[in-house]
There are 2 protein chains.
Amino acid sequence: MEHAAKHFRKRDAILSCLRGTTIHPSAEMVHDLLQESHPDISLATVYRNLSLFKAQGTIQSLGMIHGIERFDGNTNPHVHFVCNCCSAIMDLHQMDAPQRLCNEAAQHIGGQVDSCQLMFFGTCRACLAKQESA
Amino acid sequence: MEHAAKHFRKRDAILSCLRGTTIHPSAEMVHDLLQESHPDISLATVYRNLSLFKAQGTIQSLGMIHGIERFDGNTNPHVHFVCNCCSAIMDLHQMDAPQRLCNEAAQHIGGQVDSCQLMFFGTCRACLAKQESA
DNA sequence: AAGAAAATGAGAATTATTCTTATTTATTTG
DNA sequence: CAAATAAATAAGAATAATTCTCATTTTCTT
């Protein structure tokens, strides 16, 4: 059957939210961000749709950071920095994506390599400043 | 008697277990691996000591892989491959550790970079074979 | 407009991990 | 060597992020 583009308001709002932010939010952060425009959105709906988008490849998961799963609406491969102090996640677009290493990895592992993740950990500028003034 | 027993404490057994395996086990996997030599070890003890070693820097955490935290007794920086099918984690010692990228990352982020992790995801050889025969 | 299919809200269920407390084991001290 | 003190452990309860259930609402098809 032919389907026109379906319009599911809350689902769309969740995707727009992810695509419109660079904070790499968790499910709860998405829920908070949507409070103003959709005060009646359920946390379960956020979790459900994030799982769906992830399975579709529409968004990517950055994995569990400090015990909480974080998401990125930008599926282009790029490098991330995680602040161990405030759990902020920032893009490092300036750095070469390590995709070129996938083939090399595949040879060594003798399996099929689908993706890779390069992640730096440390303390962000804001948290460094806070520590100095304390 | 007391001196000899000191070397057979459960804490030591947990560390030895981690250092003697390359499967990058979770807490539960460590618990299982120790069943034969220490059938009365408690899962809480495993968790408690893994947290301790991690805080000390005696071992490293590879983060949550498919929802479960995995550990590595080898604190030397090296690259890992994760099978999305069976959750196996393998070392890629052959590949350059990306430590040299830390300085570059620090410049871009304007913060302090402590560590980094390069991880490849895909399907391991064993799981590929299983899929073909199915 | 009616019926079918999909999405949602609310809260219960799940599960990896952490915490609490009583007990056991190791270490220090007299 | 023995008493006192400190550290480690076992068992199970508590916690918290995530998933699941199901009744209801919304959207789509005819």
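Among residues two or more places apart in sequence or in another chain, the side chain to side chain donor-acceptor pair (under 3.5 Å) test is passed with Q56(A) by T58(A). Every residue was checked against the side chain to side chain donor-acceptor pair (under 3.5 Å) condition with D32(B), not counting sequence neighbours, and none meets it. With sequence neighbours excluded, the residues that form a ring pair (Phe, Tyr, Trp, His ring centres under 6.0 Å) with H80(B) are H24(B), H78(B). Annotation: salt bridge (Lys or Arg N to Asp or Glu O under 4.0 Å) contacts of K54(A) (sequence neighbours excluded): E69(A).
Note on residues 107-125 of chain A: pairs passing side-chain hydrogen bond (donor to acceptor under 3.5 Å, both in side chains), not counting sequence neighbours, are Q112(A)-D114(A).
A heavy-atom distance below 4.0 Å to DNA chain C is reached by none of the residues of residues 15-29 of chain B. DNA chain C is contacted by S42(A), A44(A), T45(A), R48(A), N49(A) of residues 42-71 of chain A, taking any non-hydrogen atom closer than 4.0 Å.
Rounded to an integer number of Å, the gap from CG of D12(A) to P of dA7(C) is 11 Å. Remark: C1' of dG9(C) and CD of Q35(A) are 13 Å apart, rounded to the nearest angstrom. Rounded to a whole Å, the CG atom of D32(A) is 12 Å from the P atom of dA17(D). For D40(B) and dA11(D), the CG to P distance is 8 Å, given to the nearest whole Å. Rounded to whole angstrom, the span from the CZ atom of R11(B) across to the C1' atom of dA6(D) amounts to 12 Å. To the nearest angstrom, P of dT27(D) lies 4 Å from CZ of R9(A). In this structure, the NZ atom of K10(B) is 8 Å from the P atom of dT25(C), given to the nearest Å. As a whole-Å value, the separation of I41(B) CD1 from dT25(C) C1' is 14 Å.
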Next item on the list: Start with the C-alpha distance between V30(B) and F71(B), add both sets of side-chain angles, then the distance that settles side chain to side chain contact (heavy atoms under 4.5 Å, CB included), and finish with yes or no.
Entry: CA-CA 9 Å; V30(B) 170; F71(B) 299 90; 5.9 Å; no

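Although no hydrogens or angles enter the test, the distance criterion places no donor-acceptor pair under 3.5 Å between the side chain of T21(B) and the main chain of C17(B).
Applying the 4.5 Å side-chain rule to ILVMFWY residues, one finds M29(A), L33(A) in the same cluster as I23(A). Counting Ile, Leu, Val, Met, Phe, Trp and Tyr side chains that sit under 4.5 Å apart, directly or through other members, Y47(B) shares a hydrophobic cluster with L43(B).
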